[in-house]
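Position 1 is the first residue of the sequence, and the numbers go up from there. Because only heavy atoms are used, hydrogens play no part in the values below, and waters and symmetry mates are left out as well, while side chains stay in. In each ligand, atom 1 is the first atom listed, and ligand 1 is the first ligand listed.
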Amino acid sequence: MKNFRGYAFVKSLLLVASVGFNGWALSQTTDGGTPVPALALSWEADIKPIVIDTCGGCHNAADASGGVILETQDQVVKLKSSIITVLNEGRMPLGDPGFGSSEEGKKFLEWLSAQPDPVSYYDSTIKPIITANCLKCHTRTKAKGGYAFDTQAQVEAARRIIASEVSRGSMPQGNRNFKNSPEAKLLLNWIKALETSPGS
Ligand code: HEC
Ligand code: HEC
């Protein structure tokens, strides 16, 4: 028992030392900007193999399950918040709810969290429109017509049917004037831009 306590004490000293070291390392910056972790994980060497292995079977250019392609760093970082959500909730990879807490899953989450938040027109402009006009009836727990629009990936995946419903005035249900509003115009223009921009 004595030995065990001694061991625990040494261990806690080591823990304090390593936390102290991390704190020091995190305060160093490359260009006076964002702090960089001491042992930065790299996309190419550490993360890409995990993503291709674990997600690539369903989220490649040919299959694009749920409208999501996860092959490049850009594609992954763009969906940072959706991916963090589905990993933490154990919803992805489909059929493997333990992945988020596995060694590799934790590595992926650590790397993702350190990525800059994508500057997103969706978050600043489109998401508030969806929230105000659609979420009352279209969330994961209350998906009228089978559609949930909690995340950008869901909205992007359903963009064609959204454009068609909104432009003919059938959605939001019970508000036939929405189609003439500035918000509807922003939403429809955003969808049109997704359709015409290369690589989407
Ligand atoms: C066996 C197939 C399969 C695998 C493997 C898989 N996915 Fe998916 N994924 C799907 C399907 C199907 C959907 C669309 C339906 C859904 O949302 O459940 C989806 C949807 C998603 C979405 C959008 C969900 C939302 O709520 O917007 C994200 C993000 C995602 N997957 C991330 C991942 C990540 C990250 C991995 C790897 C760790 C992964 N997926 C592995 C099949 C898969
Ligand atoms: C008051 C509730 C309500 C609101 C608000 C609402 N919807 Fe719906 N939505 C429904 C119901 C109910 C259905 C399923 C029955 C139907 O298709 O009319 C549906 C179905 C849909 C469908 C599938 C249509 C199809 O033919 O399968 C889409 C796409 C859709 N909604 C998009 C939207 C969008 C985009 C918004 C916001 C701009 C929105 N909805 C706001 C209730 C709502």
Would you please determine whether R91 falls within less than 4.0 Å of ligand 1 on a heavy-atom basis?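 True for this residue.
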
So is T54 close enough to ligand 1, meaning a heavy atom under 4.0 angstrom away?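 Yes; T54 lies near enough to ligand 1 that a heavy-atom distance drops under 4.0 Å.
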
[X] neighbourhood, listing ligand 2 atoms whose heavy-atom distance to it stays under 4.0 Å:
{"X": "G145", "result": "13 (C), 14 (C)"}
{"X": "P172", "result": "5 (C), 6 (C), 38 (C), 39 (C), 41 (C)"}
{"X": "I162", "result": "35 (C)"}
{"X": "Y147", "result": "22 (C), 23 (C), 27 (O)"}

Charged N to carboxylate O under 4.0 angstrom, E103 versus K106?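 Answer for the salt bridge query: no.
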
Do side-chain atoms of [X] reach the backbone of [Y] as a donor and acceptor pair under 3.5 angstrom?
{"X": "Q75", "Y": "E71", "result": "yes"}
{"X": "S124", "Y": "Y121", "result": "yes"}
{"X": "E195", "Y": "I191", "result": "no"}
{"X": "S65", "Y": "C58", "result": "yes"}
{"X": "N133", "Y": "I129", "result": "yes"}
{"X": "R168", "Y": "A163", "result": "no"}
{"X": "N60", "Y": "A62", "result": "yes"}

Shortest non-hydrogen contact between D150 and L135, atoms and distance =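 Taking every non-hydrogen atom into account, N-CD2, 4.3 Å.
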
Exercise for review: Specify the closest pair of heavy atoms between L41 and K107, including all atoms of both residues, with the distance to one decimal.
Suggested key: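 It is CD1-O, 3.5 Å.
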
Heavy-atom side-chain proximity of [X] to [Y] below 4.5 angstrom:
{"X": "V77", "Y": "W43", "answer": "no"}
{"X": "K78", "Y": "E156", "answer": "yes"}
{"X": "S167", "Y": "L188", "answer": "yes"}

Could you find the nearest protein heavy atom to [atom] and give me its residue, atom name and distance?
{"atom": "atom 23 (C) of ligand 1", "value": "V68 CG2, 3.8 Å"}
{"atom": "atom 4 (C) of ligand 2", "value": "C137 SG, 3.2 Å"}
{"atom": "atom 7 (N) of ligand 1", "value": "H59 NE2, 2.8 Å"}
{"atom": "atom 27 (O) of ligand 2", "value": "I161 CD1, 3.6 Å"}
{"atom": "atom 5 (C) of ligand 2", "value": "N133 O, 3.3 Å"}
{"atom": "atom 34 (C) of ligand 1", "value": "C55 SG, 3.5 Å"}

**Crowding at NZ, K179 (>12 non-hydrogen neighbours, <6.0 Å)** =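 Atom NZ in K179 is crowded, with more than 12 foreign heavy atoms closer than 6.0 Å.
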
- Query: In terms of heavy-atom contacts, does CZ of R91 have more than 12 from other residues, nucleotides or ligands at under 6.0 Å?
  - Reply: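 Yes - once you tally the heavy atoms of other residues, nucleotides and ligands closer than 6.0 Å, there are more than 12.
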
* To do: Could you tell me whether any N, O or S atom belonging to H138 is less than 2.8 Å from atom 8 (Fe) of ligand 2?
  =>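 Checking atom 8 (Fe) of ligand 2 against H138, an N, O or S atom does fall under 2.8 Å.
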
Check your understanding: From Q173, does some N, O or S atom reach closer than 2.8 Å to atom 8 (Fe) of ligand 2?
Key ->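 Not a single backbone or side-chain N, O or S atom of Q173 is under 2.8 Å from atom 8 (Fe) of ligand 2.
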
Those atoms of ligand 1 less than 4.0 Å from some heavy atom in [X]:
{"X": "S65", "value": "10 (C), 11 (C), 12 (C), 42 (C)"}
{"X": "Q154", "value": "25 (C), 26 (O), 27 (O)"}
{"X": "C58", "value": "1 (C), 2 (C), 3 (C), 4 (C), 5 (C), 42 (C), 43 (C)"}
{"X": "P93", "value": "5 (C), 6 (C), 38 (C), 39 (C), 41 (C)"}

Hey, looking at [atom], which of [options] has the closest heavy atom?
{"atom": "atom 38 (C) of ligand 2", "options": "C134, S164, A163, A158", "result": "C134"}
{"atom": "atom 17 (O) of ligand 1", "options": "K80, E156, M92", "result": "M92"}
{"atom": "atom 19 (C) of ligand 2", "options": "R160, M171, K142", "result": "M171"}

>> Please report whether atom 15 (C) of ligand 2 has a protein non-hydrogen atom at a separation of less than 4.0 Å.
In response: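 So atom 15 (C) of ligand 2 lacks protein heavy-atom neighbours under 4.0 Å.
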
Q: Compute the shortest N/O to N/O distance between K144 and ligand 2 and return yes if it is under 3.5 Å, no if not.
A: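 In this structure, K144 places no N or O atom under 3.5 Å from an N or O of ligand 2.
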
Exercise for review: May I ask you to identify, for R140, whether its side chain, its backbone, both or neither come under 4.0 Å of ligand 1 on a heavy-atom basis?
Suggested key: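 Looking at R140 and ligand 1, no heavy atom falls under 4.0 Å.
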
Checklist entry - Is it the side chain, the backbone, both or neither of L70 that has a heavy atom closer than 4.0 Å to ligand 1? => result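 The answer is the side chain.
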
**Prompt:** Relative to ligand 2, is E165 under 4.0 angstrom through side chain, backbone, both or neither, heavy atoms considered?
**Reply:**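 Just the side chain.
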
